[in-house]
Amino acid sequence: MKKTFYVTTPIYYPSGKLHIGNAYTTVLCDTLKRYKNLLGYDTRYLTGMDEHGKKIEAVALERELSPIEHVAEIALDTQALWQRLSIDYDDFIRTTEKRHKTVVQKIFEQLLSEGDIYLGTYEGYYCMPCESFYTETQLGDHHTCPDCQRETSLLEEESYFFRLSKYQKRLLKFIEEHPDFITPETRRNEVLSFIRQGLNDLSVSRTTFDWGIKVVSNPKHVVYVWIDALSNYISALGYGTDGDHMYQKYWLGNEVLHVVGKDILRFHAIYWPIMLMALDIPITFKLHAHGFYMMKDGKMSKSKGGVIYPDTVLERYGLDAFRYYLLRELPYGGDGLFSPDAFIERINFDLANDFGNLLNRTIAMVNKYFEGQITSQLEHTTDYDGDLVKTINEVKKEYQESMDTLKVSLAIQAIWKLISRTNKYIDETAPWILAKNEKDMKILENVLYHLVESLRHIGILLKPILLEAHQNLFSQLGIEPNLQTWESYEFGLLKTVHVVEKPTPIFPRWDVAKEVESLQELIRGKKVKKTVKIPEVTIDDFSKLDLRIGEIIASKPHPDADKLLVSNIDIGHGEVRQIVSGIAQHYQPETLIGKKVIVVTNLKPVKLRGVLSEGMVLAGSNKNTLEIITSSQLNPGDLVK
Ligand code: MSP
């Protein structure tokens with residue numbers, strides 16, 4: 001039977017677009033899952049969204065959407081982003097799903113009936129953006145939030161409390177007896193000293209808002225964020241239901257890993273194990289808390305801006321460059337900087353020069369000297385073969401040790417050690433000199449064989465990290481699938497090589513100054529000037545459009561979409577069209593009556609949220625406003641050219 005590996009990311013708040021910091025955790029877990037797959041594990045990867053809470057309700061309100069509409073939209077965007085990042089998750093849990101709610105309600109009632117949760121009152125200074133209460137001593141000057149420096153307000157409310165204090169000793173003992181429960185060690189020490197200061201009981205319900213899971217036995221309360229959120233790790237496995245085979249298989253399986261940012265360490269290292277203890281569920285997980293990606297000007301925040309979003313970077317520089325940078329640049333245990341200079345330099349030096357060039361040169365030489373085909377010639381040795389093979393073997397060990405201890409940046413550095421060693425091997429053996437002498441041809445073939453063999457090993461190690469480049473490498477070198485596996489990481493298994501005729505560079509090199517500037521503009525929130533020109537059209541293309549003046553004779557809100565209006569427009573010659581337009585946020589329907597507008601009359605009819613639209617009204621917009629283009633002198637049916 002295969003060993004199991006269950007890995008989870010935090011579930012993200014749908015409070016805004018996810019930034020590269022959030023993407024880091026997700027990419028890291030993806031890499032760990034792929035690594036375990038490489039080793040032959042049976043893996044399961046869970047990610048998702050933490051959709052309840054006052055803050056989410058407020059963000060939805062601001063967008064004039066209901067909370068459920070808002071979270072549904074962000075969940076779709078997030079899944080689309082993970083798809084673009086090739087995240088191989090197996091399940092995406094949303095806390096608004098029934099399968100989750102049922103489990104949370106059951107857990108809450110169980111804790112209540114066993115006396116681990118009790119009713120009390122809560123008074124504190126509440127910070128809405130952070131969804132946290134603080135005591136007066138924790139606040140900054142003017143009662144501001146110690147985390148985000150925004151204003152707090154004093155609230156008192158009835159609340160259920162979770163008896164953390166009851167489990168303090170047991171948790172301390174558990175952490176002391178399991179030295180690798182929390183990594184890195186510095187984080188473990190932080191948690192230990194926090195627990196030793198004494199745990200206060202935790203407020204776990206709210207009555208001041210209702211965008212949450214209701215407490216079954218007292219529905220004026222909703223379950224407050226952490227019991228709701230943390231339970232996702234087992235609700236997604238069907239815990240507590242008839243269909244709990246995933247829970248049996250993965251939670252009670254061999255390895256369970258929660259990866260979180262340092263910001264939510266305490267919740268996972270203290271509340272979650274205590275919840276499990278109280279519920280009599282085994283604590284099978286290990287917890288890894290990584291540091292943060294920072295911008296030059298400080299922390300990234302979904303609400304504050306000054307950050308960089310994955311889609312824009314991905315679109316321009318590609319999936320592997322982005323994944324590589326994220327995984328390589330954040331040091332184990334510490335924070336890292338997302339810096340445009342370092343980003344472009346890493347692509348140019350590590351990916352294009354060191355790695356891409358090695359592959360290119362190797363293929364070019366196999367073509368040039370052996371018409372693309374070589375076989376293993378191990379008896380025709382050079383003085384440098386031994387050391388190269390030794391590095392191949394050593395690097396495997398280093399890589400595995402680093403990956404097993406979640407030091408992915410170090411694992412990548414181990415791969416680059418092999419890449420450098422292989423590049424050095426070219427300098428040492430100087431194939432171009434060997435090629436000058438007919439009698440050295442076998443040695444030359446042996447040298448090229450070593451290069452291809454080394455690249456094959458590099459490809460295997462890169463499988464969890466560079467998703468497109470490793471495939472590219474294998475296909476350009478003509479490596480069969482059975483020699484791309486972890487089991488085939490053994491020098492000499494490759495017998496014959498047949499490379500592509502024309503190598504294609506796997507990473508382009510970028511102009512540092514230009515790219516750094518456009519990245520900086522992106523960070524400042526400006527749109528980069530598009531390098532692609534807007535395509536030209538001919539007068540014939542333009543004249544395909546039938547543009548006419550139309551007069552709006554009726555208009556009303558769309559029955560199912562807040563942003564749309566449905567108008568009836570007289571376009572002359574006795575014809576009236578029904579047209580749906582996205583202008584409801586800018587115009588009251590009754591103010592449109594009598595306006596003479598420009599209509600695209602030969603646009604193919606479509607249904608917009610179930611209502612037929614037979615044309616389009618032209619409008620102009622900028623970032624502040626939107627305005628319909630109107631005419632005063634012309635009449636319905638007049639042509640616009
Ligand atoms: N909803 C909670 C988590 C509940 S888990 C049961 C939450 N969500 S969040 O949207 O704020 O995402 C937090 C996570 O995103 C962090 O824990 C971390 O994993 C990741 N990151 C957020 N900013 C980050 C950086 N700047 N750098 C690296 N990771 C970052 O907290």
Please answer whether the main-chain N or O of [Y] pairs with a side-chain N or O of [X] as donor and acceptor at a distance below 3.5 Å.
| X | Y | value |
| --- | --- | --- |
| D30 | D88 | yes |
| T95 | A229 | no |
| D244 | G238 | no |
| D320 | E468 | yes |

**Q.** For H258, the option from Y45, W251, F181 that meets ring pair (Phe, Tyr, Trp, His ring centres under 6.0 Å)
**A.**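 So the option named by the test is W251.
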Going by atom types only, do [X] and [Y] share a side-chain donor-acceptor pair under 3.5 Å?
| X | Y | result |
| --- | --- | --- |
| E57 | H52 | no |
| E69 | S66 | yes |
| T26 | Y12 | yes |
| E158 | T207 | no |
| E109 | S217 | yes |
| T241 | R99 | no |

Q: Mind telling me whether Y122 and F161 have parallel, tilted or perpendicular rings, with 30° and 60° as the class edges?
A: parallel
Heavy-atom distance under 4.5 Å between the side chains of [X] and [Y], does that happen here?
| X | Y | value |
| --- | --- | --- |
| L111 | L279 | yes |
| W211 | V71 | yes |
| F108 | V204 | yes |

Q: With sequence neighbours left out, write down each residue that passes side-chain hydrogen bond (donor to acceptor under 3.5 Å, both in side chains) with E64, or none if nothing qualifies.
A: none
**Q.** Lys/Arg cation over aromatic Y6: R44, 6.0 Å, 45° cone
**A.**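 R44 over Y6 ring: no.
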Q.
Given the ring of F292, does K262 sit roughly above its face, with NZ or CZ under 6.0 Å from the centre of the six-membered ring and within 45° of the axis?
A.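 Judged by the rule, K262 and F292 form a cation-pi pair.
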Q.
For D116, is there an ion pair with K166 - N to carboxylate O distance below 4.0 angstrom?
A. yes
Q) Is the F343-Y317 ring centre distance short of 6.0 angstrom? A) yes
(Q) Among residues at least two apart in sequence or on other chains, which ones pass salt bridge (charged side-chain N to carboxylate O under 4.0 Å, His left out) with D562? (A)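 If we apply the salt bridge (charged side-chain N to carboxylate O under 4.0 Å, His left out) test to D562, skipping adjacent residues, there are no hits.
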Q. Between atom OG of S409 and atom CG of L326, what is the distance when rounded to the nearest 0.5 Å?
A. 11.5 Å
Q) For the residue pair S231 and V104, what are the closest heavy atoms and their distance? A) CB-CG2, 3.9 Å
**Q.** Heavy-atom closest contact (I56 atom, E51 atom, distance)
**A.** CG2-O, 3.6 Å
Show the atom names and distances, to 0.1 Å, of all donor-acceptor pairs under 3.5 Å that link a side chain in residues 579-586 to residues at least two apart or in another chain.
none

